[in-house]
Peer 1: 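Just dropping this structure here.
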Protein chains: 2
Amino acid sequence: MTTSRATADDLLRLDQQICFSLSAASRAFNGLYRVLLKDLGLTYPQYLVMLVLWEHGELPVKKVGEHLRLDSGTLSPLLKRLEAAGLVRRERSARDERSVEVRLTEKGVALRERALQVPRRIAAATGLGLDDILELRTRLDSLTAALDTAALEGAQDPEGLP
Amino acid sequence: MTTSRATADDLLRLDQQICFSLSAASRAFNGLYRVLLKDLGLTYPQYLVMLVLWEHGELPVKKVGEHLRLDSGTLSPLLKRLEAAGLVRRERSARDERSVEVRLTEKGVALRERALQVPRRIAAATGLGLDDILELRTRLDSLTAALDTAALEGAQDPEGLP
DNA sequence: CGTGATTAAGTTGTGTGCAATTAAATTGTG
DNA sequence: CACAATTTAATTGCACACAACTTAATCACG
């Protein structure tokens, strides 16, 4: 037990650095988006929803959730706020009354024009070139896929390791 | 107006991919930690606090917040929960009665032994080698620094761009 | 010494994020 | 057709994050 103590300690310290770095980066992004989106009256998750709607026009709540990996527990109140802000309308689908269609209002469509400047500012703030950004995105996506797989597998102890 | 439309559209789509990738990765990590930490009875932010305390032993709330970039609005209730779980004690400093010292209990110290296995599982789940992990950490840290600087500068429109 | 500025925690309010549950509609199957 | 299983939103409850504010203690400076 004493023999592997030093290594385990190192891992614990390393882990602190890794998980901290990730959550710090995430919150730093969030903070910058908060500043940039303040004028638009949007939060960062609300902006993500609007991006999806700007691209697809009209979608059931379910599809919005699939695009963003968010469930109805998060989306329902968020969409209510967007509706209260006059940016979207929610209507029960006539074809399938379980489903609720989310549709942009004129005001919601119009907001897109003002949002067009956001990505440029974000890109500038990262201090990274387009290639670096794309590479980072690729890395993050494969990391996400790996983490999801591990979580689904119940996160058993990795086999074959001491 | 029509001339730059396509480019701005592309940027908006690109932005969707980048910001989504980051928040998705962050939440995927969170989800895996949730699974791994369930046995320990800790949430991910609580685990971060415990890591800091395991390394430093005893710290005022202020210092914990500096290590993790969290303010008292987040830490006060979190520390109360850790105290209710019997993992830490909070005591007003005798030297400076504005300050509250957070100290591990015996139970809190003991929990460290069970936490030692977490980083190994996380590392295994990422599917990355130690070098890749360290490089990713470096990238994320510099990204965080850049984003913080931009946010502090009020996120003015980047100069010299159309 | 006294008073205004500063600092440290805590509190309040808003907005996610997610698990668990509920309610309603649809689908599949005998 | 009837009825169980599934699907879709919504709701509830808990735990962050963070802004804005409050309270209490300390500091700084005349």
Side-chain angles (χ1 to χ4, degrees), chain A residues 19-20 22-35 37-38 41-50 59-66 68-85 88 90-102 148 151, chain B residues 19-20 22-35 37-38 41-50 59-66 68-85 88 90-102 148 151:
Chain A
C19 60
F20 168 70
L22 191 87
S23 76
S26 175
R27 281 183 287 135
F29 250 113
N30 218 299
L32 180 57
Y33 271 108
R34 189 178 301 118
V35 171
L37 294 173
K38 195 174 182 182
L42 293 176
T43 66
Y44 177 52
Q46 287 167 8
Y47 172 69
L48 293 178
V49 170
M50 292 301 286
L59 286 174
V61 173
K62 174 78 175 178
K63 288 290 178 188
V64 176
E66 283 173 5
L68 299 177
R69 256 168 196 279
L70 293 172
D71 67 4
S72 67
T74 300
L75 285 176
S76 288
L78 189 157
L79 290 170
K80 273 189 191 174
R81 282 177 212 112
L82 289 181
E83 187 171 44
V88 307
R90 295 180 304 143
E91 289 164 11
R92 285 267 161 204
S93 163
R95 242 186 331 95
D96 184 344
E97 297 218 345
R98 291 171 302 182
S99 181
V100 168
E101 297 286 329
V102 184
D148 280 350
Chain B
C19 61
F20 167 70
L22 190 86
S23 76
S26 174
R27 281 183 286 135
F29 251 112
N30 217 301
L32 181 57
Y33 271 108
R34 187 177 302 118
V35 172
L37 294 173
K38 195 175 180 181
L42 293 176
T43 66
Y44 177 53
Q46 287 167 8
Y47 172 69
L48 293 179
V49 170
M50 293 300 288
L59 285 175
V61 174
K62 174 76 175 180
K63 288 290 179 189
V64 176
E66 284 173 5
L68 299 177
R69 253 165 196 280
L70 293 172
D71 67 4
S72 68
T74 300
L75 285 175
S76 287
L78 189 157
L79 290 169
K80 272 190 191 172
R81 284 186 276 272
L82 288 181
E83 187 172 43
V88 307
R90 294 179 305 144
E91 289 164 9
R92 223 87 224 182
S93 164
R95 242 186 332 95
D96 182 344
E97 296 218 345
R98 291 171 304 180
S99 181
V100 168
E101 297 286 328
V102 184
D148 280 350

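The structure presented is a predicted model; accordingly, all values stated were derived computationally and were not measured. Here is how names work: the chains are called A, B, and so on, in the same order as the sequence lines, proteins then strands, and each is numbered from 1.
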Peer 1: Quick one: label K80(B) by what it contacts on the DNA or RNA (base, sugar-phosphate, nothing), any heavy atom closer than 4.0 Å.
Peer 2: sugar-phosphate
Peer 1: What closest approach, in Å, do L68(A) and R27(B) show between heavy atoms, and which atom pair accounts for it?
Peer 2: O-NH2, 3.1 Å
Peer 1: Given V64(B), which partner from the list L48(B), L75(B), L78(B), L70(B) fulfils the side chain to side chain contact (heavy atoms under 4.5 Å, CB included) test?
Peer 2: L75(B)
Peer 1: Nearest whole Å is fine: how far is dA8(C) P from K63(B) NZ?
Peer 2: 9 Å
Peer 1: Given 3.5 Å as the limit, does a donor-acceptor pair link the side chain of R92(A) with the main chain of R98(A), or not?
Peer 2: yes
Peer 1: Taking all atoms of both residues into account, what is the closest heavy-atom pair of S72(B) and P77(B), and its distance?
Peer 2: O-CD, 4.0 Å
Peer 1: Go through DNA chain D in 5' to 3' direction and return only the first and the last nucleotide with some atom under 4.0 Å of chain A's heavy atoms.
Peer 2: dT7(D) to dA19(D)
Peer 1: Between D71(B) (side chain only) and T74(B) (backbone N and O only), is there a donor and an acceptor less than 3.5 Å apart?
Peer 2: yes
Peer 1: Give the B/S/- string for nucleotides 12-25 of chain C, one per nucleotide from 5' to 3', where a protein heavy atom under 4.0 Å of the base yields B, of only the sugar-phosphate yields S, and otherwise -.
Peer 2: ---SBBBB-----B
Peer 1: Start with the C-alpha distance between F29(A) and S26(B), add both sets of side-chain angles, then the distance that settles side-chain contact (heavy atoms from CB on, under 4.5 Å), and finish with yes or no.
Peer 2: CA-CA 11 Å; F29(A) 250 113; S26(B) 174; over 6 Å; no
Peer 1: Given the rule in the side-chain contact (heavy atoms from CB on, under 4.5 Å) test, do M50(B) and L37(B) qualify, once you have shown the distances and angles that lead to the verdict?
Peer 2: CA-CA 12 Å; M50(B) 293 300 288; L37(B) 294 173; over 6 Å; no
Peer 1: State, yes or no, whether a side-chain contact exists between L42(B) and L82(B) at a heavy-atom distance under 4.5 Å.
Peer 2: yes
